[in-house]
Amino acid sequence: MKNSLKKSIALVAVAITLVSCSKSDDAIIGTGALKVQFENGFADNALVLGSPTVPTSQNEVLKISSIKYIVSNIVLTKEDGTTFTYPKAQSYFIVDEASPASLLLDLTNIPAANYKSIKFGIGVDQAQYNLGQSEISNFWTTAQAAGMASNWASGFKFLAFEGAFTSATITTDTSFMIYTGKTGTDYNYAEVSLNLPNNALVRTNITPQIHLSTDLSQIIDGTNKINLTDHNSMGMGAMIMGGSDLYLISANLANMFSVEHVHNDPN
């Protein structure tokens with residue numbers, strides 16, 4: 001009986017030790033990395049540049065030749081409600097469908113935590129722009145090289161959407177260009193907030209990947225419906241770079257993104 005009692009006590013002691021070690025191993029400490037993957041599509045269909053899309057609600061068919069947008073000001077919310085703001089100087093990215101490497105953002109030096117949501121901007125926020133070109137000189141050079149900026153006075157192109165379209169009344173391919181950004185009356189910066197279906201577990205040995213779907217049809221066929229045919233001025237193509245419809249397009253961008261899934265794979 002004494003031997004049995006001794007064995008039981010020993011087993012309990014081992015179990016306590018193992019649990020203690022396990023808790024120590026699972027401690028959320030240090031910093032890690034996070035990846036954000038963008039997959040551009042159009043109305044639940046894969047995007048193939050230059051190929052016809054499904055018709056919009058306005059019965060217009062697009063052939064998208066280029067889509068680029070600036071992702072900025074990334075903020076991650078932990079499961080306890082506190083947030084981590086990625087450093088602004090490092091938080092400017094140009095997502096370009098023609099450049100596969102740009103579709104995956106690599107974020108580093110993120111405090112280890114369980115993150116439940118992500119927020120980011122489309123464009124460069126007005127407060128940062130108002131600080132002047134010197135405060136964002138490196139990204140300004142990058143944006144110019146990518147065709148996402150021309151001169152400081154006109155500012156950045158937050159989103160550049162280009163291609164050709166046809167409609168019931170326009171039966172031959174007609175060009176379209178949509179650029180969001182600073183105009184005379186509006187700044188048109190958009191903000192996106194997304195809850196994650198499961199926590200992104202940032203650890204020293206785990207680099208989560210958040211996979212986002214981008215529905216480009218939302219640009220002109222979201223809450224606000226935009227008819228490209230109405231903007232086909234004198235047969236020169238549809239160009240939307242200002243005016244009330246640009247404001248409506250910018251408002252559509254908040255609903256352009258959704259979370260497909262989150263991977264928490266060990267490094």
Side-chain angles (χ1 to χ4, degrees), residues 31-40 49 65-77 83-111 115 117-162 177-194 202 207 209-212 214 216 219 240-242 246-247 249-254 256-257:
T31 61
L34 173 70
K35 296 179 184 292
V36 183
Q37 174 81 47
F38 290 84
E39 183 176 340
N40 294 318
L49 293 179
S65 61
S66 177
I67 174 64
K68 303 177 187 179
Y69 45 89
I70 295 173
V71 173
S72 65
N73 297 336
I74 297 171
V75 178
L76 302 168
T77 300
T83 59
F84 167 70
T85 301
Y86 203 68
K88 273 198 173 185
Q90 304 168 36
S91 190
Y92 295 100
F93 306 89
I94 296 175
V95 176
D96 178 359
E97 178 65 20
S99 176
S102 75
L103 304 177
L104 183 64
L105 311 187
D106 288 303
L107 310 180
T108 58
N109 295 318
I110 297 175
Y115 292 98
S117 67
I118 183 171
K119 180 172 70 174
F120 55 88
I122 299 299
V124 176
D125 66 284
Q126 190 168 10
Q128 188 72 7
Y129 176 78
N130 288 343
L131 292 176
Q133 186 175 344
S134 61
E135 291 297 317
I136 196 171
S137 58
N138 289 339
F139 182 67
W140 175 252
T141 301
T142 299
Q144 284 187 308
M148 296 296 283
S150 53
N151 60 73
W152 185 255
S154 59
F156 295 88
K157 295 175 187 175
F158 298 165
L159 175 140
F161 187 43
E162 302 177 8
M177 291 185 292
I178 297 173
Y179 301 151
T180 69
K182 182 174 76 72
T183 66
T185 55
D186 298 294
Y187 195 74
N188 296 312
Y189 174 78
E191 196 167 70
V192 179
S193 297
L194 299 169
V202 175
T207 300
Q209 181 164 316
I210 301 172
H211 192 113
L212 302 182
T214 306
L216 301 176
I219 298 172
I240 307 176
M241 304 176 191
L246 185 65
Y247 175 81
I249 286 170
S250 298
N252 281 345
L253 302 187
M256 193 169 72
F257 302 89

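All values derive from a computational prediction rather than experimental measurement.
- Here Asp125 contributes atom CG and Lys88 contributes atom NZ; the two are 3.5 Å apart, rounded to the nearest 0.5 Å.
- Centroid-to-centroid, the aromatic rings of Phe156 and Phe139 come within less than 6.0 Å.
- Between the OG1 atom in Thr214 and the CG atom in Leu253 there is a gap of 10.5 Å [rounded to 0.5 Å].
- Judged by distance alone, the side chain of Tyr189 and the main-chain N or O of Ser250 form no donor-acceptor pair under 3.5 Å.
- Side chain of Lys68 to backbone of Ile94: no donor-acceptor contact under 3.5 angstrom is found.
- Of the residues Ile122, Leu212, Val71, Leu104, the one that meets the side-chain contact (heavy atoms from CB on, under 4.5 Å) test with Val95 is Val71.
- Of all the heavy atoms in Tyr247 and Asn188, the pair that sits closest is CA-OD1, 3.7 Å.
- The side-chain heavy atoms of Phe120 and Leu194, taken from C-beta on, include a pair separated by under 4.5 Å.
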*ring pair (Phe, Tyr, Trp, His ring centres under 6.0 Å) between Tyr115 and Phe84: does it pass, once the steps are laid out?*
CA-CA 9 Å; Tyr115 292 98; Phe84 167 70; 7.0 Å; no

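- With values rounded to the nearest 0.5 angstrom, Asn138 atom CG is found 11.5 Å from Gln90 atom CD.
- With a 6.0 Å radius and a threshold of 12 heavy atoms from other residues, nucleotides or ligands, Asn130 has its CG atom above the threshold.
- The one candidate from Phe257, Phe158, Tyr92 that meets the ring-ring contact (aromatic ring centres under 6.0 Å, His included) condition with Tyr69 is Phe257.
- Under the 30°/60° scheme for interplanar angles, the aromatic rings of Tyr129 and Tyr187 are found to be tilted.
- Atoms OG1 and CG, on Thr207 and Leu107 in that order, are 10.5 Å from each other to the nearest 0.5 Å.
- For Ser72 (side chain) and Gly123 (main-chain N/O), a donor-acceptor pair under 3.5 Å exists by modelled atom type.
- Proximity of Leu216 to Met256: side-chain heavy atoms (C-beta onward) are separated by under 4.5 Å at one or more points.
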*asked:* One pair to check against side chain to side chain contact (heavy atoms under 4.5 Å, CB included): Ile136 and Trp152. What are the steps and the verdict?
replied: CA-CA 11 Å; Ile136 196 171; Trp152 185 255; 3.7 Å; yes

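- Scanning all heavy atoms of the two residues, the minimum distance from Ile210 to Ile118 falls at CD1-CD1, 4.3 Å.
- In this structure, Leu103 CG and Glu39 CD are separated by 9.0 Å, a value rounded to the nearest 0.5 Å.
- Interatomic distance, CG of Leu159 versus CD1 of Ile219, reported as 4.5 Å (0.5 Å rounding).
- Distance alone, capped at 3.5 Å, places no donor-acceptor pair between the Ser99 side chain and the Asp96 backbone.
- Side-chain atoms of Ser91 come within 3.5 Å of backbone N or O of Asn73 as a donor-acceptor pair.
- Panel note: side chain Tyr179, backbone Gly242; no donor-acceptor pair is recorded below 3.5 Å.
- Although no hydrogens or angles enter the test, the distance criterion places a donor-acceptor pair under 3.5 Å between the side chain of Gln144 and the main chain of Ser150.
- Across all non-hydrogen atoms, the minimal contact from Ala153 to Lys182 is O-NZ, 2.7 Å.
- Residue Ala160 comes nearest to Met148 through the heavy atom pair CB-SD, 3.9 Å, listed as atom of the first residue, atom of the second, then distance.
- Applying the side-chain contact (heavy atoms from CB on, under 4.5 Å) test between Phe93 and each of Ile70, Ile74, Val36 identifies Ile74 as the sole match.
- Atom NZ of Lys119 is surrounded by 12 or fewer heavy atoms from other residues, nucleotides or ligands within 6.0 Å.
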